Every structure is written in C-alpha cells, then in structure tokens.
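Okay, so here's the structure we're looking at.
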There are 2 protein chains.
Amino acid sequence: MKRVTLEEVARVAGVSRATASRVVNGAGTVDEVLRHAVERAISSTGYLPNIAARSLVTRRADAIGLVLPDEHRMLGDPHLGSVVSGVTRVVRPRGIHLVLMMTGPGTREQALSDLRCGRLDGVILVHTDPADPVPGQLIRAGLPVVLAGRPWQPMPITYVDVNQSAGGALAGERLLSLGCRRIATITGPQDMPTGRDRLRGFLDVVPDAVVVHGDFTRQAGMAAAHELIARCPDVDGVFAASDLMATGAIPVLHRSGRKVPDDVAVVGFDDSSAALTCEPELTTVRQPIADMAEEMARQLLRQIADRTAPVTSVVFEPSLVVRSSG
Amino acid sequence: MKRVTLEEVARVAGVSRATASRVVNGAGTVDEVLRHAVERAISSTGYLPNIAARSLVTRRADAIGLVLPDEHRMLGDPHLGSVVSGVTRVVRPRGIHLVLMMTGPGTREQALSDLRCGRLDGVILVHTDPADPVPGQLIRAGLPVVLAGRPWQPMPITYVDVNQSAGGALAGERLLSLGCRRIATITGPQDMPTGRDRLRGFLDVVPDAVVVHGDFTRQAGMAAAHELIARCPDVDGVFAASDLMATGAIPVLHRSGRKVPDDVAVVGFDDSSAALTCEPELTTVRQPIADMAEEMARQLLRQIADRTAPVTSVVFEPSLVVRSSG
DNA sequence: CTGAAAGCGCTTACAG
DNA sequence: CTGAAAGCGCTTACAG
C-alpha cells in the first residue's frame, strides 16, 4: 500500500500538479473537463493529501487545542463530554483536529509552544486560575485564544460564558415561588468569578438569605449543611451553587430528620449527571454547555481566519430545570 | 515575531543545518563544543522546530487519535476524564498529541483516512460495536490500533480490558459474605462482552441468582427494580452490572419500603462519580481506568515504533470498593 | 564527527 | 484557465 501523491494523480489525469492541487482544494478556476479528469484520478488512485506537506506551505496546522486543567479538577467534571461534543460539531466538518491537552501545574506552557511552532492554530482555555500566566502571554503574542468563562481579571480576551448571576437569580426566584421563608445558600469559592456571580445574582433576589461558604465540592456541601442546620434550624430552602454541593447537602438534611423537598427545598446549579442520580432528583440551573462550546470553537476559528478580529464576549442565558428536590 | 528556522540557528552557531538538526534531535554524534554552540543559539533565538516540516520527512505525525462513540453514549460516560488523563501521562512526555475524535454514526471512517494520510500515527478505539467495520479495516491495512475492551468477535487485535467476570464474581462474593439469601442481578446488555462477562462471573459464584435484564442505563435500573420486586419480593441482595443501573434501582427499592442496605444490599459496577452522589453511597466494583488508558497508550506506541509487534491483550484485575449500600 | 545536497509532498505567485 | 518553477523547513543518506 504505497502512498499516492498529487504528482501521481496529476499524471493519471493528464494535468499538471498545480491543476490537480487546485481541484483538491476546490479552487473554482478549473475547467469542467479537467476537473472531472482529476476527480476520477483521485478516486481511482485513492489519493489523500499529505497534511504535513500542506501545512508546511499554508502555515496552518488545521488543529486547535482544548486546554484543560489537571486531572484533579477535571476528572469529576461533568461537562467534559459536552464540551468535546460541541467543539467537534463545528470543527470536524472543516477537517480541523481537536487536540486535548490536560495540563498539570506548570504544563500549560506546552500549549503556548505548540502555538508558536505552528503545531496548533489556536486554543480554547478551560478553567484558568488567576495565577495562570498563559492567557496573558497568548494575548501578548497575538495568538488566537478563547476562554471558557469570564477571565478573573479584566483583560482583552475573547470568552464565552453563561450569565452566572442570572442563574443565581433563577434559583432564588424558584425558592421564593415555592413559598420558602428561611432561605439559605451554599456558595462557591468567592475568589472565582463563577462563585461570586452566582451568589450576587441570588442575593439580588433573596437579600436576607443565610450565606454559608463552600467550594463546589461534595464535601463542602456536607460540611455546609451541618453548619446550616446549626445556625438556622428552621431553614426551608437552600440554593447550592453546584450540584455536587447539593448532593452532599441532601443526605445531611435527611439524616437531621428534614425531608427534601417537603421540609427543605433544594436547588442546585449545573444540571450535571449528579442531578439525576441523586435522590430526590435535583432541581437545578442549567448551562447550555454544548452550545457554549460550539460558540467557543466558532469564535476561535474566526480569530484564526482573521488575526485582527475584535475581542468578543458571548454570554448565554441559563435556564431552570425543575425536578423533585425544589 | 518572525519564525526562527533551523537555518538561522545553524548560522548563529556557526555550523551546518545538518549539525544543528542533530543536536535538536539529540543525536549522540555531535562534538561537545558544537553541541553547546547550537544549544546556545537555540535558546538565544527561541527556536522551535516546525513540526510540519519534520513530519514531512520523518513520515510520523507524532499524534494519536482517541476515537470515542457519538455523544449519546459518551456524554454520560463517567470515565472520559480518566481515560484522557491516563493517555496523556504517557503521550505528553514524548511530545505526542492526543487528538480526540468523537464520532457520530458513519463518521468513524474519519480516523481511518487520517491514519492513511499520515495525519495520525495510530488510534485507540473506545466502545466499538459489532457492526463497526473500522477495527477490521485497520487491521487489514496494518495500521496501529488498540481497542479499549475486548472485541466483540475474536480478531487479531491488541486490546486492554478489565477482567469483567472477575468483577462479577467479586460482587457475588460480597453479597454472599453479607449473608444475603435471595440474590438477584440486573444485567448489562447480553450482546456486549462486558454485559455477558459480568453476568457469567457473577453466576459462577451465585448460580441460583434471579436474573433481570437491563442495558446499563439508569432507566433500565428503575424498570428492573420494579420487575424484581414483583418477581421476587423477598430479594435481599442485588448486583447491578453498572452504577447507573444501581442508582436507578435504589430509589425504587426505597419507595417500595425496602431500606438499602438493611433490607436489600446493592452492589454496583464502575466506581463512577454516580456511586458517590447516590444515597447511600454505592459499594461497587472498580476498574482502574486511568491505568488501563496508560497501558493502551503504551501498547499503541509500541505498535507505532514496531509495525511487526505481536498482537497483545492486557487484562487488569478489578477491585471491590466497599461503601454503604452493600 | 561534519557538511553539501537531495528530497519529503504540497501550494502559489508568476507567466503565458 | 493552465503549467513550470520556486519554496515551505526539516532530516538523512552520502562523502569526506
């Protein structure tokens, strides 16, 4: 099974390599007759273009990177599949490869050098943290990059996010409409935009809520529920800023003799798979992850096509998924 | 920021392009003095090799594909993160890219042509189904491939799997040692090796178990639990062949007035995140997914390095994770 | 150990 | 619209 080159296709079709190349790349400026001859030659020889040779001259890798944080934070992330699926939808039809880079601490620079040496045309950065220098370096180098989620500090970078505070408000309104009178929230980390925004939106709607701090993990949800019961025994509505925290809190509430949702309504955030496997099933705020991922890919492709494209931010609206817990 | 080429490094170091190339690639046959000169030139110029140019001559892409089934089956897959993380651990230090291909029906051929045109050096195939022609085509073409999980039909292909029947046996032994007398199992699909093997191993240990069929989904777990209660009201031990089915079955058991684990012990399979968010937490059979993924990557790299490497299969042993449900 | 030279397979001005 | 030719940046026999 030897490799078929353009040279051979051209020979079979009786045209020059240049013409063969034009029809492979869909240049409109080829005579019908020759085009057909080349097309026949392509299928009869089973020709596939050598991507490396093409890249060498076009200076495009036709590959983008999806840079994820290290395993500790990502292993349990319920959204990875949806993100990949969304990005794939826009990238695949264009023949662009999705390169997954799961980075440990200090390894994110890998993406930078892949970009610099032309091995990647651009990257989508997920879950950066405030100390991460990569986004800044990327911007300074003028390399195409899109952030998943608003950056920690304001910076001129394209990002896609969900309206986190609107999500918090949705949760608050739900608990209010359920008739809850003593409402509490278990927050996400307050040094993350996500954590802060969800809380802010929630407090806009339920200003007198009891606030207990958490960090999005299940363990934090359990600890917070204990604290909540002690501080506020008559609590009848809880907004957990992540589904994971909600799944931690519910068993604690149950064990304290409180029924969910009869005694305490619980609303989560994420609509992760945990929302469905928990008992009762979780009412939760949904982010359209796959759609957001599609948009990130589109934004990145736009930047790659036009290096001077303006910095953009796209914010999606969350929705409430009503199930049994609240 | 213009691109630095080997040519320039050579000029700065005062050597030929060939010599510069040798030190970049770590060929041992370079004089100490020249080597140092080149290394200095590399860092002073910030040189990064152009991968496309290198690929063109080495005929290696330095990229492998991870081919996953379409979103429907993968979105909820709890293992994606672990698989990626395991593969990354072996692939990254070698500078090899991990290309994620999430395939819809009929799209798996993409991987094949990427392989043929040299854009990928090999692929790891996850969750093939029996009708999938790709594994066969890959083998026939002599292209490097590793399967995640035993193939449906016997074929000469390298794969990595967990000892599924040993896992079923582990679950059976657990229920037995708990003193259960009326034991049942909710099976996976019996046209999948995974489903069959888990059942077989379980029945080896609990030959008189009541068997209800499922398909690994949560819905199937709920339906099966209803059937089970009807057919066998005194059931006191259940092995669900997936955690998802277990999380579906438990609430049904609860609603029927049976306490888990007091009245009915439940053991799952997968040690997925669902096992932790369910109440009570699930006792389950664990597969060392990340280790298995590492091994797949290693096997693939071996095949890429040596096309005549013998077909191998590596089978890992599962373990029982005891929590509260059984 | 080192360098001059060929060649990997493609795209793209440039002429015609 | 078409083709001859240059060139993308690297690696690797081949001589020396």
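Naming convention: chains lettered A, B, ... in sequence-line order (proteins, then strands); numbering from 1 in each chain. Values in this document were obtained by computation on a predicted structure and should not be read as measured data.
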Note to self: Can you tell me if A/Ser21 touches the phosphate of C/dT11, counting only side-chain N or O atoms and a distance under 4.0 Å to OP1 or OP2?
What the structure shows: yes

Rounded to whole Å, the CZ-C1' distance (B/Arg17 to D/dT11) equals 9 Å

**Asked** Under 3.5 Å, side chain of B/Ser55 to main-chain N/O of B/Arg60, donor-acceptor pair present?
**Response** yes

inquiry  = Let's go through A/Arg298 and A/Glu294 carefully: what are the C-alpha distance in whole Å and the side-chain angles of both, what is the deciding distance for salt bridge (charged side-chain N to carboxylate O under 4.0 Å, His left out) to 0.1 Å, and is it a yes or a no?
reply    = CA-CA 6 Å; A/Arg298 248 182 260 117; A/Glu294 268 191 46; 2.7 Å; yes

Here DNA chain D, pairs taken as Watson-Crick or G-U under 3.5 Å and shown with ( ), [ ] when crossing and | when to another strand, reads |||.||||||||.|||

Less than 4.5 Å apart, side chain to side chain, heavy atoms only: is that true for B/Val134 and B/Val67?
no

Against the side chain of A/Val15, the closest entry in D/dT11, D/dG3, C/dG3 is D/dG3

With a 4.5 Å heavy-atom cut-off, do A/Asp121 and A/Pro144 have their side chains touching?
no

Quick note, B/Arg54 side chain, CB onward, closest among C/dG3, C/dT12, D/dC10 is D/dC10

Testing D/dC10, C/dT12, D/dA13 for proximity to the side chain of B/Arg22, the answer is D/dA13

Per atom distances to the A/Thr19 side chain, the nearest of D/dG3, C/dC10, C/dT2 is D/dG3

Per atom distances to the B/Val30 side chain, the nearest of C/dG9, D/dT11, C/dT2 is C/dT2

Of C/dC8, D/dT2, C/dC10, the nucleotide closest to the side chain of B/Leu56 is C/dC8

Whole-Å distance, B/Leu34 CG to C/dG3 C1', equals 11 Å

* Determine: side-chain N/O of A/Asn50 to OP1/OP2 of C/dC8, distance under 4.0 Å, yes or no. => no

Numerically ordered, the residues 57-65 of chain B set in heavy-atom contact under 4.0 Å with DNA chain C is B/Val57, B/Arg59

Between the CG atom in B/Asp161 and the CE atom in B/Met292, the distance rounded to the nearest 0.5 Å is 5.5 Å

Rounded to the nearest 0.5 Å, the CZ atom of A/Arg40 sits from the CD1 atom of A/Ile42 at a distance of 11.5 Å

Which of B/Val15, B/Val30, B/Leu34 passes side-chain contact (heavy atoms from CB on, under 4.5 Å) with B/Arg22? Answer is B/Val30

